[in-house]
Protein chains: 2
Amino acid sequence: MPDRARRIPEATVARLPVYLRSLAELLDEKESTVSSERLAEMAGVNAAKVRKDLSYLGSYGTRGVGYDVEYLLFQMSRELGLTHDWPVVIMGAGNLGQALANYGGFTERGFPVAALIDADPDKVGRQYHGVQVHHVDELPRLAEEKGIAIGIIATPASAAQAVADQLLEAGIRSILNFAPAVITVPPEASLRKVDLALELQILSFYQQHAPDPAR
Amino acid sequence: MPDRARRIPEATVARLPVYLRSLAELLDEKESTVSSERLAEMAGVNAAKVRKDLSYLGSYGTRGVGYDVEYLLFQMSRELGLTHDWPVVIMGAGNLGQALANYGGFTERGFPVAALIDADPDKVGRQYHGVQVHHVDELPRLAEEKGIAIGIIATPASAAQAVADQLLEAGIRSILNFAPAVITVPPEASLRKVDLALELQILSFYQQHAPDPAR
DNA sequence: ACGACTTTGTGAACGTGTGCACTAGCGGGG
DNA sequence: CCCCGCTAGTGCACACGTTCACAAAGTCGT
Ligand SMILES: NC(=O)c1ccc[n+]([C@@H]2O[C@H](COP(=O)([O-])OP(=O)(O)OC[C@H]3O[C@@H](n4cnc5c(N)ncnc54)[C@H](O)[C@@H]3O)[C@@H](O)[C@H]2O)c1
Ligand SMILES: NC(=O)c1ccc[n+]([C@@H]2O[C@H](COP(=O)([O-])OP(=O)(O)OC[C@H]3O[C@@H](n4cnc5c(N)ncnc54)[C@H](O)[C@@H]3O)[C@@H](O)[C@H]2O)c1
């Protein structure tokens, strides 16, 4: 591994998509270059952080001018692996699973929903927004055939770990978990979680400890 | 401010809800005490971190024994401000707003959906899962009457900042944003965001940089 | 061709978070 | 009653992340 030194910090990786979105806006507005200052304002961070973050990608800026919007957008897409689509599978065709399948925003951003999976025989065979519901047993075949690399867990919390294990079994090593449960994966896999109740509880904490308890 | 020293670090606050969930499970299983080791395993963190985190709440453990599950659960609920309900308002009665209103998990955890708000006159007056859709103009009155302290933004990204401003105007200082847009709030307000596309892009990055590019 | 101006890229200081390893202290058994 | 085993609480070193401040390096106007 030649460029071990240029390993990108986790905190930076988490901000890259925000810069990406800002750059896409700028491209829409036909801006050809952008300064770290401007980009910082759009991304809601400070300018030094933008420069340091971008420097991990390489020296793509021009001193005295700024960054070329289109070129930086390309380089960043490449780094994020967004030059091609990543089909995803949604585990659990309930309330949330259906809502996600209905949502066009994923396909639009390069994450087409290739399949829904459910354990309930009544749901298998149905379709939501053109996405077919399959039985769990078909997961390995589907993953292989459709080149699915990302799994989204939208089952009840009690099934979450088992479902994660099935995903890993099928060779899917990137997992986004919506169930309010702690799940563990081997170190070579990536796991991110979205937990709405947890977010609300954090807001509750700061509300509770606010200097002026508004209401 | 007497106990400035016992200010709880942000990272710790973000973990408290996870401990809380673990404690609730233990209570279900009729466990009366728990060690930091066990709690750490359930929460997916290391034991020293659990002990340090809990020490910010006070010295609620007993050396040689562990923590009393019920007592710790109570103290933590108190600290998180979960001893009473926090009614929430959902801004935007579209796909996502409706799905969230339908979801029982919020009410169950003490965050009842008090109202939906939409700018579209066709939606105003409708009901989803028993939740009434109101016009934006009614927000201040509703906030006041129902004691709403938390707002959830589920509108298109283009409206997000304007909607956030309306929430703040109505005295709501805790905001959870689902729209893929950077919004800014004054320092006395709290803002958290949930951005699914961003999470997928982060997964894409690590997939792209995986030692063995599985597929 | 040059100097004034702009903006990047980065070294260094600082702050926050993590985890080890040890001490303090409780309970239970002999 | 005392000692042994266990586990909470915490000081400390280290890793990671953020921010400042400045030199380096480019542009643009004259
Ligand atoms: N609905 C929401 O708005 C919302 C919001 C936040 C979090 N969540 C969380 O998302 C998860 C799903 O929520 P939901 O409202 O869609 O629940 P749901 O009960 O409507 O759907 C769950 C689906 O998963 C399927 N399922 C169960 N076990 C399975 C297994 N082992 N393999 C495959 N499929 C299985 C069920 O058949 C069902 O169709 C829950 O953990 C919930 O807490 C939901
Ligand atoms: N649907 C999903 O699964 C999903 C997933 C992730 C993120 N999101 C994000 O959540 C947001 C909402 O998504 P959606 O699918 O529900 O969109 P949607 O178009 O179905 O709903 C948006 C709703 O907001 C209302 N609205 C527009 N401007 C408003 C304003 N100023 N004040 C109040 N209401 C207003 C519209 O009338 C509409 O009812 C989007 O930003 C989207 O990117 C949605």
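Residue numbering restarts at 1 for every chain, and letters A, B, ... go by the order of the sequence lines. Reckoned from all heavy atoms, side chains included, excluding hydrogens, waters and symmetry mates.
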**Smallest separation among heavy atoms of B/Pro17 and A/Leu198, with atom names** =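 Result for this residue pair: CB-CG, 3.9 Å.
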**Prompt:** Looking only at heavy atoms, what is the nearest atom pair of A/Ala179 and A/Thr155, with distance?
**Reply:** CB-O, 3.5 Å
Check whether the side chain of [X] and the base of [N] form a donor-acceptor pair under 3.5 Å.
X: B/Arg63; N: D/dT7; answer: no
X: A/Lys52; N: D/dT19; answer: yes
X: A/Lys49; N: D/dG17; answer: no

**Asked** Is any side-chain N or O of B/Tyr67 closer than 4.0 Å to OP1 or OP2 of D/dG9?
**Response** yes
**Request:** Report yes if at least one side-chain N or O of B/Ser59 is closer than 4.0 Å to OP1 or OP2 of D/dG9; otherwise report no.
**Result:**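 Yes, such a contact exists.
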Sugar-phosphate only, base, or nothing, as touched by [X] at under 4.0 Å among non-hydrogen atoms:
X: B/Thr12; answer: nothing
X: B/Gly61; answer: sugar-phosphate
X: A/Ala48; answer: base
X: B/Arg15; answer: sugar-phosphate

**Item:** Between B/Tyr60 and B/Tyr71, ring centroids under 6.0 Å
**Value:** yes
**Closest to the B/Ser55 side chain, choosing from C/dT7, C/dG27, D/dT10** = D/dT10
**Prompt:** Going by atom types only, do A/Thr83 and A/Arg78 share a side-chain donor-acceptor pair under 3.5 Å?
**Reply:**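 No, no side-chain donor-acceptor contact under 3.5 Å.
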**Item:** B/Leu16 CG - C/dG17 C1' separation (whole Å)
**Value:**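 Value for this atom pair: 15 Å.
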